[in-house]
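Taking it in order: structure first as structure tokens, then the write-up.
Only heavy atoms go into these numbers, but all of them, side chains included; no hydrogens, no water, no symmetry mates. Letters A, B, ... are given to chains in the order of the sequence lines, protein chains preceding strands, and every chain is numbered from 1.
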Protein chains: 2
Amino acid sequence: MAATIKDIAKLAGVSTATVSRVLANKSAFFSEATATKVHAAATELGYQKNTAAAELVTRHSNVIAAVVNSTKTNFASQIIEGIQAEAHQHELNVIILYAGDADSAQQRRALMTVIERPVMGILLLSVDLAPENLTLLQGSQVPYCFLSISFDGERLPYITSDDWQVGYQATQALIKQGHRRIGLAGVDRDFHTGRQRVLGYTQALQDAGITPKAEWIQLGNYSYDAGQAAMQAYGAQTELTAIVGASDMAAIGVMNQARDLGLLVPADLSIVAIDGTELCSLVQPQLTSVSQNFYEMGIAGVQQLRSIETLPQKITPIKLVNRQSVRMLSPE
Amino acid sequence: MAATIKDIAKLAGVSTATVSRVLANKSAFFSEATATKVHAAATELGYQKNTAAAELVTRHSNVIAAVVNSTKTNFASQIIEGIQAEAHQHELNVIILYAGDADSAQQRRALMTVIERPVMGILLLSVDLAPENLTLLQGSQVPYCFLSISFDGERLPYITSDDWQVGYQATQALIKQGHRRIGLAGVDRDFHTGRQRVLGYTQALQDAGITPKAEWIQLGNYSYDAGQAAMQAYGAQTELTAIVGASDMAAIGVMNQARDLGLLVPADLSIVAIDGTELCSLVQPQLTSVSQNFYEMGIAGVQQLRSIETLPQKITPIKLVNRQSVRMLSPE
DNA sequence: TAAGCCATTGTAAACGTTTGTGTAAAGTGC
DNA sequence: GCACTTTACACAAACGTTTACAATGGCTTA
């Protein structure tokens with residue numbers, strides 16, 4: 001149905017080889033005269049290149065696949081923007097796939113659609129791959145890199161923030177303002193990222209001579225609901241004066257629940273969020289955060305895929321952004 | 001490098017045709033014995049199918065491309081979930097592309113990467129295609145459908161809410177609570193969607209015997225900033241008692257700016273948002289909204305692509321969701 | 001004028017699949 | 001034991017490109 005280079009060749013009275021060369025602009029391989037003939041024929045036929053066919057023979061693609069764990073996590077968009085920016089600089093195209101939230105079957109589906117097609121590389125944004133899917137990924141010949149997630153033992157390529165530092169600095173920011181009874185809400189200790197954040201949090205407290213109680217840490221999956229549940233668990237009479245939200249969403253959950261319990265932020269309760277997406281400045285009061293550089297992560301991810309030798313791990317910087325959710329505690 | 005069906009054929013001692021049929025599970029075309037041989041060989045070689053090659057010969061693909069206008073608009077994720085759900089039911093896969101915000105070059109890039117490859121159809125989420133890119137899209141043989149956007153004259157296939165009704169119902173909801181001086185903030189009158197919302201808004205006022213002043217309508221691009229700017233234009237001394245935000249983001253912008261101007265929501269100013277994404281229940285007070293059924297839009301979009309005959313336009317339902325940002329105005 | 005070179009173009013193989021057609025062997029009914 | 005059907009497989013063409021190699025012809029140079 002659609003026009004092919006064969007049709008163009010016939011119409012222009014040349015061979016398909018010449019058409020291919022003209023269209024690919026392999027100059028010094030054709031004359032001006034034929035070039036114009038070919039181009040005229042191409043536009044007349046409304047030719048659309050079939051890249052799949054071309055990729056089949058050249059065995060090389062220019063699309064990067066970004067696999068995202070869920071539509072719910074909002075930081076993904078910042079990473080994707082970084083990916084796009086860097087990719088476009090190098091004439092690469094980006095496609096995005098959603099892999100669902102801890103849904104092995106959907107992960108597999110997303111992975112399959114990219115592995116089975118020619119892609120130049122795969123970026124996995126904060127996705128906890130099920131073991132069988134990891135095997136799948138490794139079995140394919142496609143280069144890959146995890147973003148915004150880290151791993152313990154296995155030597156997987158990843159780019160992320162220093163999660164220990166994230167936990168440490170969020171906690172320390174509160175300590176510096178005089179807080180000593182500080183909670184950590186909505187963190188997931190099943191994975192490396194969460195474990196590191198807990199470790200950083202604990203160390204910051206210990207460095208200030210504080211021994212955290214077990215109930216100060218409320219586990220969860222970084223979601224709004226997890227933040228809410230954590231705050232419910234702390235209760236209106238909590239001894240805590242400050243809470244670190246494991247994510248922006250969790251922090252907002254904490255804040256809204258605190259309000260429902262009659263606690264004012266930051267008057268009664270200070271909050272530091274982890275992530276620092278635009279959500280932090282949308283809510284009232286705006287949330288002070290330990291902000292990750294997601295955009296940079298995206299850029300680094302593309303660079304990692306492009307580099308031959310695989311420098312396996314990389315850490316992107318974080319910074320504390322002061323907004324309105326932390327108050328200085330007067331020492332009593 | 002990677003194993004092909006040729007390798008499997010050699011290892012299993014059969015022809016590639018047989019391998020293909022076994023792998024595609026075209027039963028009644030092979031015996032149990034060969035099937036097991038082939039499967040054994042396939043796993044031994046770590047075979048990964050090259051779908052691009054298969055699609056080349058079958059001339060038919062099972063991936064749907066969703067083109068999104070920007071990473072910024074948050075409702076997209078709900079549409080995408082709808083798309084995924086419906087697509088997966090029919091063994092279709094979904095890839096997502098970002099087309100940038102009113103950036104013709106990036107639109108073109110996104111469009112090209114999908115048109116040049118075998119895709120089964122293209123869904124365009126709220127993207128205002130530049131004229132040249134629309135021509136491009138129409139020139140390709142790929143079926144397509146616009147989502148969450150509508151058009152005036154041209155007969156383009158689209159699925160969206162009734163934007164006139166959206167404007168009407170949002171305004172009417174405020175009128176019913178006794179408001180008579182009502183603004184509309186952040187709406188874009190350059191496109192059909194925005195124009196319809198303005199028309200609905202105006203009609204609702206007129207039906208209540210109210211003649212809207214020109215300055216009640218503040219134009220913008222549906223963004224947080226647009227909402228903020230609109231509220232700044234209204235000013236602290238505004239005669240308005242209520243405002244319709246052209247989107248969730250715009251409504252939040254209005255609300256936060258109002259607070260900065262010393263106005264309390266909803267005590268001094270009532271707000272109705274348009275869209276009704278989860279953002280509405282994240283902020284404080286939670287925003288009353290005219291909610292669109294984005295999930296349903298995604299489902300309908302996939303169905304539209306799958307149906308041969310193209311029933312060009314479809315309207316998805318909306319509903320008013322009462323939350324906390326509107327107060328009843330006592331008649332004086 | 002022959003040899004050599006360069007610019008331009010064509011020929012054909014290859015990429016990894018699917019599938020229509022052909023065919024040998026095995027099974028069926030009489 | 002014959003004609004027939006069925007089963008199970010192989011052969012080869014096709015999809016739309018790219019590209020190595022060959023071929024052509026004109027031009028330069030000695």
I'd like to know whether A:Asp163 forms a side-chain contact (heavy atoms from CB on, under 4.5 Å) with A:Ser150, so could you lay out the CA-CA distance, the side-chain angles of the two residues, the decisive distance to 0.1 Å, and finally the verdict.
CA-CA 8 Å; A:Asp163 284 302; A:Ser150 55; 3.7 Å; yes

Protein-nucleotide distance ([X], atom [atom1]; [N], atom [atom2]), rounded to Å:
{"X": "B:Ile5", "N": "C:dT17", "atom1": "CD1", "atom2": "P", "value": "5 Å"}
{"X": "A:Glu116", "N": "C:dT17", "atom1": "CD", "atom2": "P", "value": "10 Å"}
{"X": "B:Leu56", "N": "D:dT18", "atom1": "CG", "atom2": "P", "value": "12 Å"}

Distance-only polar pair, side chains of B:Gln292 and B:Ser148, donor-acceptor under 3.5 Å
no

If you go through the side-chain atoms of B:Arg21, does one of them form a donor-acceptor pair with the base of C:dG20 closer than 3.5 Å?
yes

Does A:Arg59 make a side-chain donor-acceptor contact with the base of C:dG16, cut-off 3.5 Å?
no

Give [X] one of three labels, base, sugar-phosphate or nothing, depending on what nucleic acid heavy atoms sit under 4.0 Å from its own.
{"X": "B:Ser31", "answer": "sugar-phosphate"}
{"X": "B:Gln48", "answer": "sugar-phosphate"}
{"X": "B:Thr34", "answer": "sugar-phosphate"}
{"X": "A:Ala17", "answer": "base"}

For the side chain of A:Val57, starting at C-beta, report the closest nucleotide among C:dT17, C:dG10, C:dA14.
C:dA14

So does A:Phe29 have more than 12 non-hydrogen atoms from other groups sitting under 6.0 Å from CZ?
no

Basic-acidic side-chain contact under 4.0 Å: B:Arg117, B:Glu55
no

DNA chain D nearest-nucleotide lookup for A:Lys26 and B:Ala53: closer to the 5′ end is B:Ala53

